[in-house]
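Written below as structure tokens is the structure these notes are about.
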Amino acid sequence: MKKGLVLLLFFIAGLVYSQTKSDKTHYFFSIAYGQNNEVYVSDIYEANIENKDIYGKLAERYVKFQIFLVKQGKVSSIKDIQTGYEKNYYKKEQALAEQQNLLSTLEKQQFIPKIVDYQLN
């Protein structure tokens, strides 16, 4: 009986810990659709941020990516970016798989995907 109670308490403690653990590492990649069917896809980058800031600071992170593309000469101005977005994941493996899927889909749709060596500063 005591052994069962101890095991139950350990199970409950583990469950509570897993639910309250605050793992702040998230994995992202950004996508920008440029002119002439060019699509710029960033490398996977990670950020240690609170869950509330994933979407709360999305615009700020995306603007940094747009500015990076201009500074690197990928596009001549931010106006050359037709649209774009950011994808985020809790696991790096998920981000990598989704990025590869996106690149494959873009090629099938006759876009010209270009990987950009980008890291969030």
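Every value quoted in this text rests on a predicted model; they were computed, and no experiment measured them.
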Checklist outcome for this item: Sorted by chain and residue number, the ring pair (Phe, Tyr, Trp, His ring centres under 6.0 Å) partners of Tyr89 (sequence neighbours excluded) come out as none

Looking at side-chain heavy atoms only, is the closest gap between [X] and [Y] below 4.5 Å?
X: Val41; Y: Gln99; value: yes
X: Thr25; Y: Tyr90; value: no
X: Ile78; Y: Leu69; value: no

Checklist entry - Tyr62 vs Phe65 aromatic rings, parallel, tilted or perpendicular, using cut-offs 30° and 60°? => result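 Judged by the thresholds at 30° and 60°, the geometry between Tyr62 and Phe65 is tilted.
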
Checklist entry - So does Glu50 pair up with Lys24, basic N to acidic O under 4.0 Å? => result yes

Nearest heavy-atom neighbours spanning [X] and [Y]:
X: Asn36; Y: Ile112; value: O-CD1, 3.8 Å
X: Lys64; Y: Leu120; value: CD-CD1, 4.2 Å
X: Pro113; Y: Leu106; value: CB-CD1, 4.1 Å

Hydrophobic cluster membership, [X] vs [Y], 4.5 Å side-chain cutoff:
X: Leu96; Y: Phe28; value: no
X: Ile44; Y: Val39; value: yes
X: Val63; Y: Val116; value: yes
X: Val70; Y: Tyr118; value: yes

Separation between [atom1] of [X] and [atom2] of [Y], rounded to the nearest 0.5 Å:
X: Lys108; Y: Leu103; atom1: NZ; atom2: CG; answer: 12.0 Å
X: Tyr33; Y: Thr83; atom1: OH; atom2: OG1; answer: 8.0 Å
X: Arg61; Y: Ser42; atom1: CZ; atom2: OG; answer: 11.0 Å
X: Gln119; Y: Asp117; atom1: CD; atom2: CG; answer: 6.5 Å
X: Lys114; Y: Lys74; atom1: NZ; atom2: NZ; answer: 7.5 Å
X: Ile81; Y: Ile31; atom1: CD1; atom2: CD1; answer: 12.0 Å

Checklist entry - With a 3.5 Å cut-off and no angle check, do the side chains of Glu38 and Tyr40 form a donor-acceptor pair? => result yes

[X] side-chain N/O to [Y] backbone N/O, donor-acceptor pair under 3.5 Å:
X: Thr105; Y: Asn101; result: yes
X: Glu46; Y: His26; result: no
X: Asp53; Y: Ile49; result: no

Next on the checklist: Assess the residue pair Phe111 and Asn37 against the criterion (side chain to side chain contact (heavy atoms under 4.5 Å, CB included)); give the C-alpha distance rounded to whole Å, side-chain angles, the decisive distance to 0.1 Å, and a yes or no.
Outcome noted: CA-CA 5 Å; Phe111 284 97; Asn37 286 343; 4.0 Å; yes

Next on the checklist: Taking the six-membered ring for Trp, are Tyr27 and Tyr45 closer than 6.0 Å centroid to centroid?
Outcome noted: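 No, the ring of Tyr27 stays outside the 6.0 Å limit from the ring of Tyr45, centre to centre.
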
